[in-house]
Chemist: 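The structure is given below, and queries will be raised subsequently.
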Amino acid sequence: MPARSIEQIRNLCKRRGFIFPGSAAYGGLGSFWDYGPLGVEMLGHIKRAWWRNVVYERDDMEGLDGAIITSRKVWQHSGHEATFSDPLVDCKKCRSRFRSDHISLPAPGTALRAELDRRIEGSDLHIQANQLVHKTTVLDAHGVESKEEVLVGPGDTDNWIRDGMISANLLPCPKCGAADWTEIRRFNLMFQSHVGPVATEAGTAEELASRVYLRPETAQTIFMNFKHVQATLRRRVPFGVAQIGKAFRNEITPGNFIFRTREFEQMEIEFFIKPPQYVQAGEKTDEQWHEEWINQRYNWWLGLGVDPSRLRKRAQDKAELAHYAKATTDLEYLFPDFGWGEVEGVANRTDFDLSAHSRDVPQADLARLKLEKNADSTETFDYFDSEAKARYIPWVIEPSAGVTRAMLTFLCEAYHEELVKEPQAAEVDPLKVEIDAAIKNAQKKAKEAEKLRAESRVPSTESAADKGAVDAQHATRDTAPKHDPAAIAEFVARLEEMKSRLPASLLEIDNLLEEHPGALNLEPVKKLKPKVSKLAEDCVRVVLRLHPALAPVKVAIFPLKKNEAGIVDVAHRITRQLAPFMRVQYDDSAGIGRLYRRQDEIGTPFCITVDFQTLEDNTVTLRERDSMQQSRVAIGELKHLLMQRLHMA
RNA sequence: GCGGGUGUAGCUCAGUGGUAGAGCAUCACGUUGCCAACGUGAUGGUCGUGGGUUCGAGUCCCAUCACCCGCUCCA
């Protein structure tokens, strides 16, 4: 069973040196994390596994490592400066926050739309030649107010109508129905800085000239280097470029530990292919390449130990596609606490980006891609195809994965708690009595809740306004509204079944109590929880079943007795022998059982114990993490055997 | 920004207006023949911060800061 909460992972990561909160001595800084000794090992392994898979094991890929700080022009022409932002608006009445472009406009023909149209006519807004015009109050240089007609903008008329109507307080809040909005604020997600000595006033020509952005995605530096890589490595389309590196986004709502952070690391590929019109019979189309990469990437995750029941492919709807994409399929992992979350996106970006950065692009293509002519660029990112005898701007398929998210995924997937010994009957029997008491209480509470419900159903036949009043009354009177009879019944059934299997089911009961917040509101159940946990704690081991390639420490070496000079010497010698080839850890600071448990918790695949027999025949105990099985291995064979079993040879 | 929650030892947390605690972890010494052993001792705190009430504040009041959860988003 994988991790049941992000909290478990966060605690383990902090306790064992994977991940620490950033700037902790000063109270922390939202959403920035420092990777500790084990974290940096694991990140490195994830990146190496990816690089090996997409660069070394293919014959159509090259690598790249571009600069993080990038000219403002790159992001102007990629579309990020204008569109990589969220338009936010708050309802002043109910304080809900919305993305303004997510509030739906009532469909034409409906009564609400007719009403809105009528009110638009009487407002500062009107539609003129299919464009929205807004009368805005402006101040001139002398502070005198006047009304000025402002064209709200080109493009998607619905969008502008909606924004205009929000600004004019005409569109009702989807939640409370009021029409009282704050200003729409565009929140650009890019971090900016300045290169060289800087004029301080924002928006001045000097400031704009020196402004740079920390890249919000690594992709653009690959596009900027398309021709360099193609020419210097003499590549022919189709080929791809892989890059691993940090990216930065000033997210409005980061969270869920390292799932969404403001500084993160990406593993991205831009795979350059023929545009559809040049594809010959028997060659792959953009759609086929897209499909192939989706499957190839999906299998990579499975190969590193992710269970297929917790990894899915999900094609994005038209509405959620990014401005550059023709189609995108997300790979999503089933995380604890927050459910399915994207760990990789495979996008068909067409020729949008390379065209956007090119000086010379045919007018028809600009129109198709909704691009303006690029007057800043000195290059055209095209390619001469000697087979097709044509010069074209390639299309791209972009598989883009998060390193940080991959780490969280692998940690959640690898996390296991196991009952390694059964508690004594003397301790289990009183527990059974308490469980019975808790069940009895839960059933009583369920009955009460049922009764309350029946009562509250009576006034529901009255008018809607009255019903609201009654509900409000109920909310204050009913001190435990979370008691859902059906949920309690299910909880009781599960608890009873598990009780019958005690002591083997001790851990399951612990998990059940943990995951059932509704049931935990019951007093006897609450009291039960720490008792079960305490008993379980003594009998459980936490083990990270990480794929050996990802484990931060590969082998731990222990002397069975630390004040036995002969044993200690051999253990040190083995440590020195293996150290150049793999990350090893020597530990003699506790009893042997505890040393094993420590290594289990950080996912170390193998432990070596040097004992008295070693001094006689030069063999050691090799203990395997998942099975806890031991075998005797000659010291001379250790390196070879380990390299093999760690998939390093 | 808004709502809710939390701030006491490295971690998990007790703490009734009156001498700041426990368990775990860490370190030292001793002990220890394979799955979270034991003994003895030690380190570690301006109780998030600032103000107020009080003879006296971890505890009551006010302010403030930080973090967590949600108001989602896409690596």
Side-chain angles (χ1 to χ4, degrees), chain A residues 6-7 10-12 14-17 20-24 26-31 86 88-92 94-99 102 175 182 185 187 189 216-219 246-247 249 251-261 264-268 314 316 320-322 325 328 330-333 337-347 398-409 420-421 530 533-534 537-542 558-564 567 588-601 607 609-613 620-621 623 628-630:
Chain A
I6 296 290
E7 200 55 32
R10 184 211 305 277
N11 282 340
L12 183 123
K14 191 175 175 196
R15 200 173 63 241
R16 293 282 147 173
F20 309 118
S23 309
Y26 294 99
L29 181 60
S31 174
D86 292 339
L88 298 178
V89 68
D90 292 336
C91 170
K92 287 183 186 166
C94 69
R95 297 190 182 286
S96 307
R97 165 163 296 179
F98 302 92
R99 275 185 56 168
H102 283 185
K175 209 162 192 178
T182 63
R185 301 176 306 286
F187 191 95
L189 300 173
E217 61 169 14
T218 61
K246 291 237 168 153
R249 296 178 188 175
E251 299 279 358
I252 305 161
T253 50
N256 285 322
F257 192 33
I258 55 169
F259 182 77
R260 177 168 293 110
T261 56
F264 62 104
E265 204 163 17
Q266 294 184 306
M267 304 184 282
E268 286 198 309
R314 193 183 66 82
Q316 286 191 6
E320 53 180 330
L321 287 177
T328 298
D330 290 338
L331 301 183
E332 298 182 327
Y333 178 74
D337 295 339
F338 61 93
W340 294 102
E342 184 193 354
V343 292
E344 176 156 6
V346 185
E398 180 201 74
S400 171
V403 181
T404 340
R405 284 184 181 179
M407 180 154 165
L408 186 61
T409 301
V420 283
K421 67 176 180 200
S533 296
K534 183 88 184 56
E537 206 176 311
D538 298 333
C539 309
V540 93
R541 78 161 177 155
V542 172
F558 314 135
L560 187 61
K561 206 160 181 275
K562 74 172 166 190
N563 48 9
E564 198 62 48
I567 289 179
D588 65 1
S589 64
I592 193 73
R594 177 170 299 238
L595 295 180
Y596 285 143
R597 289 290 185 275
R598 270 185 200 159
Q599 295 300 328
D600 287 343
E601 217 178 350
C607 294
T609 302
V610 179
D611 57 18
F612 288 92
Q613 192 184 327
V620 293
T621 303
R623 181 256 196 189
M628 296 194 285
Q629 303 245 302
Q630 304 186 11

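Everything numeric in this text was worked out from a predicted model, so none of it was measured. Each chain gets a letter, A, B and so on, in the order the sequences are listed, and its residues count up from 1.
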Chemist: Please identify each residue that fulfils side chain to side chain donor-acceptor pair (under 3.5 Å) with A:Q266, with sequence neighbours left out.
Modeler: none
Chemist: If I pick the P atom on B:rU43 and the same atom on B:rG3, what distance separates them, to the nearest angstrom?
Modeler: 46 Å
Chemist: Quick one: do A:Q599 and A:R623 satisfy side chain to side chain contact (heavy atoms under 4.5 Å, CB included)? Show the steps, please.
Modeler: CA-CA 11 Å; A:Q599 295 300 328; A:R623 181 256 196 189; 5.6 Å; no
Chemist: Base, sugar-phosphate, or nothing: which does A:T218 touch, judged by heavy atoms less than 4.0 Å apart?
Modeler: nothing
Chemist: Can you name the side chain to side chain contact (heavy atoms under 4.5 Å, CB included) partners of A:Q613, sequence neighbours left out?
Modeler: A:D611, A:D617, A:T619, A:R632
Chemist: May I ask you to say what A:N256 touches in the nucleic acid, namely base, sugar-phosphate or nothing, with a heavy-atom cut-off under 4.0 Å?
Modeler: sugar-phosphate
Chemist: In chain order, what residues pass the side chain to side chain donor-acceptor pair (under 3.5 Å) check against A:S400, with sequence neighbours excluded?
Modeler: A:E268
Chemist: Going by the rule ring-ring contact (aromatic ring centres under 6.0 Å, His included), which residues pair with A:F338 if we only count those two or more places apart in sequence or in a different chain?
Modeler: A:F259, A:F335
Chemist: Using the P atom as the reference point in each nucleotide, state the distance between B:rG45 and B:rU53 in Å, no decimals.
Modeler: 30 Å
Chemist: Where the side chain of A:T404 is concerned, which of B:rC34, B:rG33, B:rA75 is the nearest nucleotide?
Modeler: B:rA75
Chemist: Quick one: look up who B:rU6 pairs with, Watson-Crick or G-U, both distances under 3.5 Å, and put none if it's unpaired.
Modeler: B:rA66
Chemist: Return the value, rounded to whole Å, for the distance between atom CG of A:D588 and atom P of B:rC29.
Modeler: 11 Å
Chemist: In whole angstrom, give the distance that lies between atom OH of A:Y596 and atom C1' of B:rU32.
Modeler: 15 Å
Chemist: Could you check whether A:S400 gets within reach of a base, just the sugar-phosphate, or nothing at all, counting any heavy atom under 4.0 Å?
Modeler: sugar-phosphate
Chemist: Apply side chain to side chain donor-acceptor pair (under 3.5 Å) to A:E332 and list each qualifying residue two or more places apart in sequence or on a separate chain.
Modeler: A:R312, A:R314
Chemist: Give me the distance, rounded to whole Å, that separates B:rA14 from B:rG50 when you measure between the C1' atoms they each carry.
Modeler: 27 Å
Chemist: Using Watson-Crick or G-U wobble geometry with both distances under 3.5 Å, which nucleotide pairs with B:rG39?
Modeler: B:rC29
Chemist: Using purine N1 to pyrimidine N3 plus N6-O4 or O6-N4 for Watson-Crick, or N1-O2 and O6-N3 for G-U wobble, each under 3.5 Å, what pairs with B:rC71?
Modeler: B:rG1
Chemist: What nitrogen or oxygen pairs link the protein and nucleotides 7-14 of chain B at under 3.5 Å?
Modeler:
from	atom 1	to	atom 2	distance (Å)
B:rC11	OP1	A:K14	NZ	3.1

Chemist: Nearest heavy atom decides the nucleotide; on that basis, is A:Q629 or A:E265 closer to the 5' end of RNA chain B?
Modeler: A:Q629
Chemist: Quick one: look up who B:rC34 pairs with, Watson-Crick or G-U, both distances under 3.5 Å, and put none if it's unpaired.
Modeler: none
Chemist: Provide the distance between the two C1' atoms, one in B:rA9 and one in B:rG58, to the nearest whole Å.
Modeler: 14 Å
Chemist: Rounded to the nearest Å, what distance is computed from the CZ atom of residue A:F338 to the C1' atom of nucleotide B:rG70?
Modeler: 14 Å
Chemist: Got a sec, which residues hit side chain to side chain donor-acceptor pair (under 3.5 Å) with A:R16, two or more places apart in sequence or on another chain?
Modeler: A:E601
Chemist: Who are the side chain to side chain contact (heavy atoms under 4.5 Å, CB included) partners of A:D588, not counting sequence neighbours?
Modeler: A:P559, A:K562, A:Y586
Chemist: Quick one: A:N563 CG to B:rG30 C1', roughly how many Å, whole number?
Modeler: 9 Å
Chemist: Please walk me through it: do A:Y596 and A:T609 pass side chain to side chain contact (heavy atoms under 4.5 Å, CB included)?
Modeler: CA-CA 10 Å; A:Y596 285 143; A:T609 302; 2.8 Å; yes
Chemist: Could you tell me the separation between the CD1 atom of A:I258 and the OG1 atom of A:T404, rounded to the nearest 0.5 Å?
Modeler: 6.0 Å
Chemist: What pair of heavy atoms forms the shortest contact from A:V540 to A:V420, and how long is it?
Modeler: C-CG2, 4.2 Å
Chemist: Considering only the C1' atoms, how many Å lie between B:rC34 and B:rU46, rounded to the nearest integer?
Modeler: 47 Å
Chemist: Given the P atoms of B:rG7 and B:rG48, what is the spacing between them in whole Å?
Modeler: 9 Å
Chemist: Given atom CG of A:D337 and atom C1' of B:rC68, what is their separation to the nearest angstrom?
Modeler: 12 Å
Chemist: Using the P atom as the reference point in each nucleotide, state the distance between B:rU6 and B:rA42 in Å, no decimals.
Modeler: 36 Å
Chemist: Considering only the P atoms, how many Å lie between B:rG10 and B:rU26, rounded to the nearest integer?
Modeler: 15 Å
Chemist: Looking at B:rA22, which nucleotide sits across from it as a Watson-Crick or G-U wobble partner, both distances under 3.5 angstrom, or is there none?
Modeler: B:rU12
Chemist: Once you round it to whole Å, what is the distance between C1' of B:rA75 and CZ of A:R314?
Modeler: 14 Å
Chemist: Before you tell me yes or no, could you show the steps for A:I567 and A:F612 under side chain to side chain contact (heavy atoms under 4.5 Å, CB included), namely the whole-Å CA-CA distance, both residues' side-chain angles and the distance that decides it to 0.1 Å?
Modeler: CA-CA 7 Å; A:I567 289 179; A:F612 288 92; 4.0 Å; yes
Chemist: Describe the nucleic acid contact of A:F558 in one word from base, sugar-phosphate, nothing, applying a heavy-atom distance below 4.0 Å.
Modeler: nothing
Chemist: Could you check how far NZ of A:K562 sits from C1' of B:rC27, rounded to whole Å?
Modeler: 11 Å
Chemist: What nitrogen or oxygen pairs link the protein and nucleotides 36-44 of chain B at under 3.5 Å?
Modeler:
from	atom 1	to	atom 2	distance (Å)
B:rA36	N7	A:V540	O	3.3

Chemist: What is the distance, rounded to the nearest whole Å, between atom CG of A:D611 and atom P of B:rU32?
Modeler: 16 Å
Chemist: Given the structure, check if the side chain of A:R623 and the base of B:rC35 hold any donor-acceptor pair shorter than 3.5 Å.
Modeler: yes
